Amino acid sequence: MRQEPAAPTRHLRVHRDRGHTVLEFHGEIDIVAAGEIVPHLDDVTAGPDPRVVIDLTRVDFFDCSGLRLLYRARSRVLEHDGRLLLVCTHPLTLRVLRVTGLTRLLPPHPTLDEALSRPEATSGSL
């Protein structure tokens, strides 16, 4: 039985697109936002072969709590042989992702359409 994602929060909108669950993060992604997002992230990455996109295009602020969310999502998707894609264009967020090395493991795409038009691939190995 497939479980639908939980209802969104003020920092998250969840929808489906081309066989993927899209988690749109909104506003400031800090420790408070991460606490709201984790249960939803865990729901969509719990089953076999999860297909997930994390879209950061509507994010104004992104700290280490946001990084932990991305690492958590990546780890859970890899555990379940799934696919995780990232959409991000914000220069400061991209800088944080580059400095931490996350762009090597989870290359960001500029748009949702571009991310979903890529051939099947998953994020880099551990």
Side-chain angles (χ1 to χ4, degrees):
M1 182 171 137
R2 184 173 165 0
Q3 188 176 23
E4 286 302 311
T9 73
R10 67 186 174 112
H11 297 287
L12 179 68
R13 179 174 168 252
V14 180
H15 62 94
R16 299 278 301 165
D17 192 332
R18 291 171 259 182
H20 288 72
T21 301
V22 180
L23 302 174
E24 284 181 11
F25 291 12
H26 289 262
E28 296 185 3
I29 305 303
D30 55 16
I31 194 164
V32 172
E36 293 177 3
I37 292 170
V38 163
H40 305 282
L41 186 145
D42 287 354
D43 281 349
V44 302
T45 59
D49 192 30
R51 308 258 178 216
V52 179
V53 178
I54 296 179
D55 186 344
L56 302 179
T57 57
R58 291 165 187 82
V59 168
D60 302 319
F61 175 82
F62 192 83
D63 71 6
C64 61
S65 299
L67 289 173
R68 280 193 299 273
L69 287 171
L70 295 180
Y71 277 106
R72 181 184 189 101
R74 183 178 174 276
S75 175
R76 291 177 59 86
V77 166
L78 288 174
E79 281 177 19
H80 298 289
D81 297 319
R83 180 180 192 204
L84 177 63
L85 301 168
L86 179 65
V87 176
C88 181
T89 57
H90 192 281
L92 292 177
T93 303
L94 286 170
R95 182 175 181 204
V96 169
L97 297 174
R98 272 193 298 277
V99 166
T100 60
L102 194 54
T103 55
R104 289 188 310 260
L105 300 175
L106 194 57
H109 301 278
T111 66
L112 180 61
D113 282 336
E114 184 171 315
L116 293 178
S117 68
R118 298 282 184 186
E120 282 293 310
T122 190
S123 59
S125 61
L126 293 172

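Keep in mind it's a predicted model, so treat the numbers as computed, not measured.
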message = Set out, in order, the CA-CA distance, both residues' side-chain angles and the distance that settles side chain to side chain contact (heavy atoms under 4.5 Å, CB included) for Leu70 and Leu97, then state yes or no.
response = CA-CA 10 Å; Leu70 295 180; Leu97 297 174; 3.6 Å; yes

request  = Show the numbers, then the answer: is there a side chain to side chain contact (heavy atoms under 4.5 Å, CB included) between Tyr71 and Leu102?
outcome  = CA-CA 8 Å; Tyr71 277 106; Leu102 194 54; 3.6 Å; yes

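- The one candidate from Val44, Leu85, Val52 that meets the side-chain contact (heavy atoms from CB on, under 4.5 Å) condition with His20 is Leu85.
- Here the closest heavy-atom approach between residue His15 and residue Leu112 is recorded as CE1-CD2, 4.3 Å.
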inquiry  = Run Ile54 and Phe25 through side chain to side chain contact (heavy atoms under 4.5 Å, CB included) and show every step you take.
reply    = CA-CA 7 Å; Ile54 296 179; Phe25 291 12; 3.8 Å; yes

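- No side-chain donor-acceptor contact under 3.5 Å links Ser75 to the backbone of Arg72.
- Thr45 approaches Pro50 most closely through the heavy-atom pair CA-CB, 4.0 Å.
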ask   = Going through the checks in order, is the side chain to side chain donor-acceptor pair (under 3.5 Å) test met by Thr111 and Asp113?
value = CA-CA 5 Å; Thr111 66; Asp113 282 336; 5.5 Å; no

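- Note: Arg58 CZ to Leu12 CG = 11.5 Å, rounded to the nearest 0.5 Å.
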key: Audit row: Asp17, Val53, side chain to side chain contact (heavy atoms under 4.5 Å, CB included) steps and yes/no   = CA-CA 9 Å; Asp17 192 332; Val53 178; over 6 Å; no

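- Going from atom CD of Glu24 over to atom OG1 of Thr57 covers 6.5 Å, rounded to the nearest 0.5 Å.
- Listed by chain and residue number, nothing satisfies the salt bridge (charged side-chain N to carboxylate O under 4.0 Å, His left out) test with Arg68 (two or more places apart in sequence, or in another chain).
- Distance check: Leu23 CG to Leu84 CG gives 9.0 Å after rounding to the nearest 0.5 Å.
- Taking the charged nitrogens against the carboxylate oxygens, Arg76 and Asp43 have no contact shorter than 4.0 Å, which rules out a salt bridge.
- Taking every heavy atom of both residues into account, Ala115 and Val87 meet most closely at CB-CG2, 3.9 Å.
- Crowding of Arg95 atom CZ: a count of heavy atoms from other residues, nucleotides or ligands under 6.0 Å not exceeding 12.
- Rounding to the nearest 0.5 angstrom, the gap separating the CD1 atom in Ile37 from the CG atom in Asp42 is 11.5 Å.
- A donor-acceptor pair under 3.5 Å links the side-chain atoms of His11 to the main chain of His26, judged by distance alone.
- Pro108 approaches Leu94 most closely through the heavy-atom pair CG-CD2, 3.7 Å.
- Here the shortest heavy-atom pairing between Asp49 and Gly82 reads OD1-CA, 3.8 Å.
- Taken from NE2 in His40 to OG1 in Thr9, the straight-line distance is 5.0 Å, to the nearest 0.5 Å.
- Rounded to the nearest 0.5 angstrom, Ser65 OG and Asp30 CG are separated by 6.5 Å.
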